[in-house]
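Worksheet: the structure to be examined is printed underneath.
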Protein chains: 4
Amino acid sequence: MMTKRISLKETQRKERERLILDYAEKALLEKGYYDMNMDEIAMGVGVAKGTLYLHFPKKEDLVYTLVEPKMQSFLKSVEEAKALPVSPKEKLEFLLNRELSGAFFQLLMKSSPDMTTIFKSREAEVNDILPKIFSGIHDMLSEGIREGLFDPELPVEFMSSAFINLFEPHLYKEMVEVRKMPLQVFNSHLSNLFFRGIMDTKETN
Amino acid sequence: MMTKRISLKETQRKERERLILDYAEKALLEKGYYDMNMDEIAMGVGVAKGTLYLHFPKKEDLVYTLVEPKMQSFLKSVEEAKALPVSPKEKLEFLLNRELSGAFFQLLMKSSPDMTTIFKSREAEVNDILPKIFSGIHDMLSEGIREGLFDPELPVEFMSSAFINLFEPHLYKEMVEVRKMPLQVFNSHLSNLFFRGIMDTKETN
Amino acid sequence: MMTKRISLKETQRKERERLILDYAEKALLEKGYYDMNMDEIAMGVGVAKGTLYLHFPKKEDLVYTLVEPKMQSFLKSVEEAKALPVSPKEKLEFLLNRELSGAFFQLLMKSSPDMTTIFKSREAEVNDILPKIFSGIHDMLSEGIREGLFDPELPVEFMSSAFINLFEPHLYKEMVEVRKMPLQVFNSHLSNLFFRGIMDTKETN
Amino acid sequence: MMTKRISLKETQRKERERLILDYAEKALLEKGYYDMNMDEIAMGVGVAKGTLYLHFPKKEDLVYTLVEPKMQSFLKSVEEAKALPVSPKEKLEFLLNRELSGAFFQLLMKSSPDMTTIFKSREAEVNDILPKIFSGIHDMLSEGIREGLFDPELPVEFMSSAFINLFEPHLYKEMVEVRKMPLQVFNSHLSNLFFRGIMDTKETN
DNA sequence: TATGAATGAGCCTTCATTCAT
DNA sequence: TATGAATGAAGGCTCATTCAT
């Protein structure tokens, strides 16, 4: 019974935290880090300002809490992709499929000047995650080159940066959310575009 | 004589405005909209803070004045490209070559949440320029499809968004500024990647 | 039986109140009124914050409850001293001995600007106790003057303020707590210093 | 003329700063560090809150700027006293005369728990001044003992702490400000009290 | 009765903008 | 016209106090 009550409270706490994070994510995406303010979030969620600070000691922490699991999930997908017993192209396609609609968000973040502030305050943690993501992708591309699938004249860094760019949310938003292109179709277009782009075509010539 | 003096003053005024805009551009790129502040810009340019407000009534106006000519120049390039008596592919390559190193900047801006604020305050003007840019690109791509060059299965909007993404500054920065890849090489990789990606390859199969 | 249970509860209540007061006293002395906060006290005592408010409706009340018995005890000592069948000098020495190491604390309080806030909220009570303390000391000093022991040229108010100053905790802290001077020695130095200072020495000349 | 204008502005600036410091000193003495707030000071001085921050970057700095010159002036008096070609007793009397009515204030500060905060933020500077004050007084007292004037049985630290206590503002306030005892008379009572207290009286016995 | 999550007033500080000189 | 001191609205954060459980 004691346990039940505790877990009830804990549940409510998590729920509240979820509400805050959801609202904050929306605000962050719409307004950016600086234009979203703690008052407005409190209002939006329907709690007092102080309550936010029970969950997140700083504004930075709230935002980082938002971003961190997305980076983690992305990293996890990268690692799963790498471990698949398929061709590098299929691995990367798996990754695109898995992450395009969801967690790509963090990469938007990385490009925003706002995010620099946040990431600076968590440098150690960020430096633990992001490089792993990049090197995972790098590995898959290198593998593809070694196997003669991808164009050896394109530097791997070029490919990986271009690949990362695919997760940039504007294209996704425009095509899937605005123009209602089915996600499947969007994914296949995107991977076609990219893989035809990096394919080693010399044998064809 | 009167005219001369005025035009002298006017010249000085323009010069100063140039200095302010140059410094502000650097600051904006390095720190983003919120972390660049008017004090710092005044200091950096070597004028008093009040002087900034003689040139730009709001911080927003300063930044918009920064972005606007870049959009205009981009639009001009689009129109020049369209008018060239060459294939659509070559038109788009011309555009890439012309704008990659310079004015793509504005598109970074557009993606940043900060910029939303700025653009909102100038909605009318922005809505006059941006759609023309997109439709210009759209036109060249459609032309390419009609001529059987580009894959008709890829929606034009998809192609154009992907094309716009090429100007996203991260890839450029990483490859050209950090890794010192020559701009020529970078351009050719980029256009290879893109055009192989959108090429109509059915005949090849 | 009813009474017994109540008194048991009452005992526990008092015990807890004691714990709170003890912890708060330490915190108050170390950090002052504003840097000691209710969270920290609750934590330190091992009760919930709300519990503090069952005992003391305001932070001010907690602190006043701390100070008040010390003033009372000091007053009691003054009255005992007055009633002793010995010389005024010995009465005052008794008072020094009795109170130096303990309750002088409240007087530190009085000098701190923080305490002003506290005392203002309890003006009536404070005005009932402090004047009695001062007049008790005043009486002993007057008696000593009348008996030709103390210098009649020194105003009594001067003597009494100087005497009160002896309880100022800095000297005590420095000598007894930091330099480990035995309390006996400290007391005798202090009373020597004071009484030689106020002694009527004309007859010696 | 240029110079004149500059010095005029500078004069006004100093005047304003003086007003702020004066008001802040009153507030600090009346309410203590925490109960005095920047809003109230701005209001009281008749400037906007932001203006305070043109003069003092932090609340702490404002208060420290208040306290620092008083410590410096006290130190200067100590050094002047030491250099006088008179007896140690007369040196210390000179110091009492000079500082009693004015700058002793800082020592009140030192005892207040609030001040701890301020001093912590300026540890280096404070540690440069305060020890010099104490050692200067210490030297004069030691000199007096060596010359057989002061009681060699009283530890010098005891004497010096007691001497410092004389500057404690309560006695002064009560006698001079409340009871209107002339400063001269107050000083002579005080030094009588103290010096009779520490005098070496063995030869008399 | 005891708890501790929730509250919100209040404080310090920043910075775009104004305006007297 | 150019200046830069002055302004004050707005934001992040703290903490005494309340109240549902």
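Residue numbers begin at 1 in each chain, while the letters A, B, ... track the order of the sequences. Computation of the quantities below employed the complete heavy-atom set of this structure, encompassing side-chain atoms and omitting hydrogens, waters and symmetry-equivalent molecules.
Put simply, CG on Asp35(C) is 15 Å from C1' on dA16(F), counting in whole angstrom units. In this structure, CD of Glu17(A) is placed 15 Å from C1' of dA6(E), rounded to the nearest angstrom. Between the P atom of dT3(F) and the CD1 atom of Ile41(B) lies a distance of 15 Å, rounded to the nearest Å. For the pair Phe56(C) CZ and dT18(F) C1', the interatomic distance rounds to 18 Å; values are reported in whole Å. Rounding to whole angstrom units, CD of residue Glu15(D) and P of dA5(F) are separated by 16 Å. Straight-line distance from the OH atom of Tyr34(C) to the C1' atom of dG10(E): 12 Å, rounded to whole Å. Protein atom CG of Asp39(A) is 13 Å distant from nucleotide atom C1' of dT7(E), rounded to whole Å. In this structure, the CE atom of Met36(C) is 13 Å from the C1' atom of dC15(F), given to the nearest Å.
Remark: Asp22(D) engages Arg18(D) in a side-chain hydrogen bond (donor to acceptor under 3.5 Å, both in side chains) (not counting sequence neighbours). Judged as a salt bridge (Lys or Arg N to Asp or Glu O under 4.0 Å), and not counting sequence neighbours, Glu60(A) has no contacts. Qualifying side-chain hydrogen bond (donor to acceptor under 3.5 Å, both in side chains) partners for Glu30(A), counting only residues two or more places apart in sequence or in other chains: none. Under the salt bridge (Lys or Arg N to Asp or Glu O under 4.0 Å) criterion, Lys31(C) pairs with Glu40(C), sequence neighbours left out. For the salt bridge (Lys or Arg N to Asp or Glu O under 4.0 Å) test, residues two or more places apart in sequence or in another chain that qualify with Arg122(D) are Asp61(D), Glu125(D). Residues that satisfy the side-chain hydrogen bond (donor to acceptor under 3.5 Å, both in side chains) test with Asp128(A), not counting sequence neighbours, are absent from this structure.
Put simply, the side chain of Lys59(D) gets close to the backbone of Met36(D): a donor and an acceptor are under 3.5 Å apart.
Residues from residues 43-55 of chain B with heavy atoms under 4.0 angstrom of DNA chain F, sorted by number: Val47(B), Ala48(B), Lys49(B), Gly50(B), Thr51(B), Leu54(B). For the segment residues 58-65 of chain D, the set of residues with a heavy atom within less than 4.0 Å of an atom of DNA chain E comprises Lys58(D), Lys59(D), in numerical order.
Taking a pair as Watson-Crick or G-U with both hydrogen-bonding distances under 3.5 Å, the stems of three or more pairs touching DNA chain E are E:2-21 with F:2-21.
Closest approach of Ala24(B) and Ile41(B) over heavy atoms only: CB-CD1, 4.1 Å. Scanning all heavy atoms of the two residues, the minimum distance from Leu130(A) to Met71(A) falls at CD2-SD, 3.7 Å.
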Contacts under 3.5 angstrom, residues 43-55 of chain B side chains, donor-acceptor by atom type, not counting sequence neighbours:
| residue | atom | partner | partner atom | Å |
| --- | --- | --- | --- | --- |
| Lys49(B) | NZ | Asp39(B) | OD2 | 3.1 |
| Thr51(B) | OG1 | Ala48(B) | O | 3.4 |
| His55(B) | ND1 | Glu17(B) | OE1 | 2.9 |

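Legend: ring pair (Phe, Tyr, Trp, His ring centres under 6.0 Å) pairs involving residues 20-44 of chain B, not counting sequence neighbours, sorted by first then second residue: Tyr34(A)-Tyr34(B).
Of the two residues contacting DNA chain E, namely Arg16(A) and Tyr33(B), the nearest-nucleotide position lying further toward the 5' end is that of Arg16(A).
Looking at heavy-atom distances under 4.0 Å, Arg13(B) makes no contact with the nucleic acid at all.
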